[in-house]
Structures are given as C-alpha cells and as structure tokens.
Amino acid sequence: MNAPIVVVGAGVAGLATALAAAPARVLLLSRGEAGAGSASLLAQGGLAAALATGDSAAAHAHDTMVAGAHHNDVACVQWLCAQAPGVVEWLLAQGVAFDRAGDGQLLLGREGGHGVARIVHAGGDATGAVITRALAARVGAAHHIHWHSGVEVDALCLRDNRVCGLRLRRADGSLEELAASAVVLATGGSGALFARTSNPPGADGAGLALALAAGARVRDLEFVQFHPTALDVPGQQSLPLVTEALRGAGARLVDAQGRRLLDGVHPLRDLAPRDVVARQVWLERQAGARVLLDATAVDVDWPHAFPNVLAACLAHGIDPRTTPIPVTPAAHYQMGGIAVDADGRSSLPGLYAVGEVAGTGVHGANRLASNSLLEGIAFGRRLGGWLAAAAAPPATGAPEWRGLGAGLPPPRLAQLRELLWQVAGPLRSRSGLRRGLDGCIDWSGEGWQARLALAMLAAALRRPDSLGAHGCVPDTVLATSPAPLAVAC
Ligand code: SIN
C-alpha cells in the first residue's frame, strides 16, 4: 500500500486539503482535537466574496492588491477572488449556516479596505469556529482520512532531497517515524513569537521553522500584520481579538480623554487600513497612554452579532455595551511563509504548504480583512485535488532527518517575544532591527525560535523602505510623542 498523504494542522486549510484529497489516503496530524488550538477557530472576521449585486471578483481583487501594496502575486489574487463565491457555496453544502437577513438573503458586512459590503459571517463574530467545526465534522466522517491528534511534528525525512516522511512526537514525549507520499504543512502562523498576539499560543511558527530547517525556500517573512484592537489584558500574551467589524458597526478609537485617535491621520479614520490604525494605537501605547475602543453607541443585538467580543470583555470585567474597551495592537497574521506555487508546492519535492504558513504571495505586503479563511479553504481544496491526482515517485536513497531541534527555554522565549515586539512590531527602525538581529544571533544556538526570528529580522533589514505591514521609520520617529503618523521612509 502507498504511504498516505500526511497533512499537519487542523485549521480550515488542513481540513479542506484533507477533504479534497479523496479518495487518496490521508493522515491528518494535529496538536489539538477537532481544530482546537488553531487560529481558524478564533477567526472573528468572516469570509470575503463578491456576492452583492454590482460587486465583482475583479473589484475584490483590486481591493486585495491595494491592501497588499501591489506586492501580491496577481495570478493568485485573481484566482482566489474568482473562487470566493464558489467557496461560500461549498461551505453551505458542508453545513455552514451563514448569517442571513430577514428575507433569507446572506448578510454581507463591510470591513476595512473593502470597497463594498462583501463579508459573510456565521454566528456573528464566530465565523472561524462555525466553519472549523463544520469541516472537522466532515473530516470525522470521511473514510479516507485518519485523524491523529495530540501530536507535533519534530523532523522531516528526506531521501535524494525529496520529503518522504516525518517524525512525530506524542504528548508523552515518545517519537514515531512515518512514511508519507507527501507532507502538507498547514500549521498556521507565527504570531505567538511576539509578546502580544491575537493568535493562539500554538501559532508559534514551528511549521515554518521546520521547513527552514529542511532547506525549503521561504519568502516575505518581514510582512507581519498587526491587528489594532486586541483586548488589552495586562500580562497576557495571547489576547482576545476585538473584531474590526465593530468599527464597521460604528465603534470609535479614542484616547483617555475621549478624543478620536484617527482624526487627522487618515481620511477613513477608524476604517483606515489595518496597518495605519495599528501604528497609531501602537505609538500611543508605547508612550504609556491608554487607547479605548468606544462601542457604547453600537446598536446591535450583542449576543448574536458579537458573542465572542462580548464574552471576552465580560470575562475581564468590561461590559462593552456601557464601557469603552481598552485595546492594544497584537501580532495577527504572517503574510509570508514557505514559498509555494499556487498548487502549494514548495522548493523541496514532496513538501507542500497551505494557509497562513504558505507564502503564495496572494496577500502581498498586507492581507485584506477576511481573506484568510477564504485563502485557507480555496487553496486547501486546490492542493487536495492536486495531491489526489499526483503520483509520488518511490522513495530512494538514504534517509536524512532534518529537525527543529530544541526549543528555547521559557525565560529566553519570553525575552525573544518582548524583543520582537519592541524591534519588529508595527513600527521598526533599522537600528532596532539590527539590535534584534544581534540578540537572535546570540540565542540561535539555544532554540529554533531564535533561528526563525533571525530569518524574520534579516528579511526586515533587507527591505529598507516601508511597504504594507512593514513600517520602517527613522529612530527619531520612535522617540517622539505620538503625533499623527505618516509612514514614508
Ligand atoms: C477582524 O475580525 O478584525 C479580523 C479579521 C481578519 O483578520 O481578516
């Protein structure tokens, strides 16, 4: 019997890939059960698709390119936006109940960067959870997929420079070697390498680091998107997101005196592009000031429209219906990743990547809101279909293991996260990036996270000018008070 296709990661990208690979045999590996621990499960934004009368895939593609500062792979963007209405249809067929208006039509919301309302949601701000659970249920019922949770991948096996297996580590520390006809990394992003993130703790970049260790090409690692509004919980690293859709519904960012933060910064004010808003909030917070999202005038049925935001705020003693929400920026999304073509093929034969860990170039230098669930599902289905039809050549040659190696000890990891937050956050300076690089060089023998951070900082230093989410400013700007900021260096 042929070795199975091994898919690593059970967010929407991994689940969609596994489903689409039928009838080929798939082994799905994940750390948590039923998608638990994946960033998909936390996604509050919806899924963008040109469904409205007068909207078009071309208009969606235009907005995606503008958000991405035209650094995008144009063919990938056009393909993705053309697929989006079909993805919504497919999700409906998988049992995803998108939110509808009284007349039964799909409700279409608007978020920053979109020229029209084109975002479908499910369960209000619980779209990621609703989709992930629906796909996980389909995977659970699929005969071609065996799902093994509670494991991590520790190393890849190459023969004649082709990936043909992996080694996994169980929760009890025991190791197991497996043959694979293909290995698909769907391991998500690396937000948890920063001191403040909207990602779950498991979004630590391990898949990206593994691909780097194996010698796969990576791209665009300097582009990290920071979300402007995570709930500011002191001392906590993984922070609840306060969705941008709240600002779409009328919430306003204000300072401690109630002054609007985005006045004079951008004509779209609170709905300015995410990087613009994140930098302004970051400057205020770095200067020690509080930033609040005032949603007290948002007139919606909160438990239905924003159940996650409401629950997270209430859990921290804040009722967002009556009290402005303290917010901070947080590392949110990695635009770059393992360099792959549109079929998910990396530079190493036998190794594929999909979803946030993959660098197709579709998001350019900054991802448009609500394009991430779409990307994971559309490219996952494409990759799964491709793998179902592909025949893996027989594995020959001596096995060569390339692994992550040890992780940083917890105190050093905490130091690394703080360092990245300070030098590679929403605003960067060349001297700060160099300082970060020196720190990571010193720590690179201690753990794989430092080597991954080193690659990210080196990429940021190779790009001297601001582009998209990479906001590079002179040192003097970071030392001054938070005047309205124009990033142009
Ligand atoms: C949000 O809901 O604000 C985030 C959506 C996204 O990242 O696309």
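Counting starts at 1 for both ligands and their atoms, in listed order. In what follows, residues are counted from 1 in the order of the sequence shown.
Listed by first and then second residue, the ring-ring contact (aromatic ring centres under 6.0 Å, His included) pairs that reach into residues 355-374 are Tyr333-His363, sequence neighbours excluded.
Between atom CG of residue Leu47 and atom CD1 of residue Ile377 there is a gap of 5.5 Å, rounded to the nearest 0.5 Å.
Among Arg462, Arg463, Arg428, the one residue that satisfies the salt bridge (Lys or Arg N to Asp or Glu O under 4.0 Å) test with Glu222 is Arg463.
Side chains of His71 and Asp220: a donor-acceptor N/O pair is present below 3.5 angstrom, by distance only. Counting only N and O atoms by type, the side chains of Arg274 and Gln225 include a donor and acceptor under 3.5 Å apart. With no hydrogens or angles considered, a side-chain donor-acceptor pair links Asn371 and His60 at under 3.5 Å.
For ligand 1, the protein residues placed under 4.0 Å by at least one non-hydrogen atom are Gln44, Gly45, His227, Leu241, Thr243, Glu244, Arg274, His332, Arg367, Ala369, Ser370.
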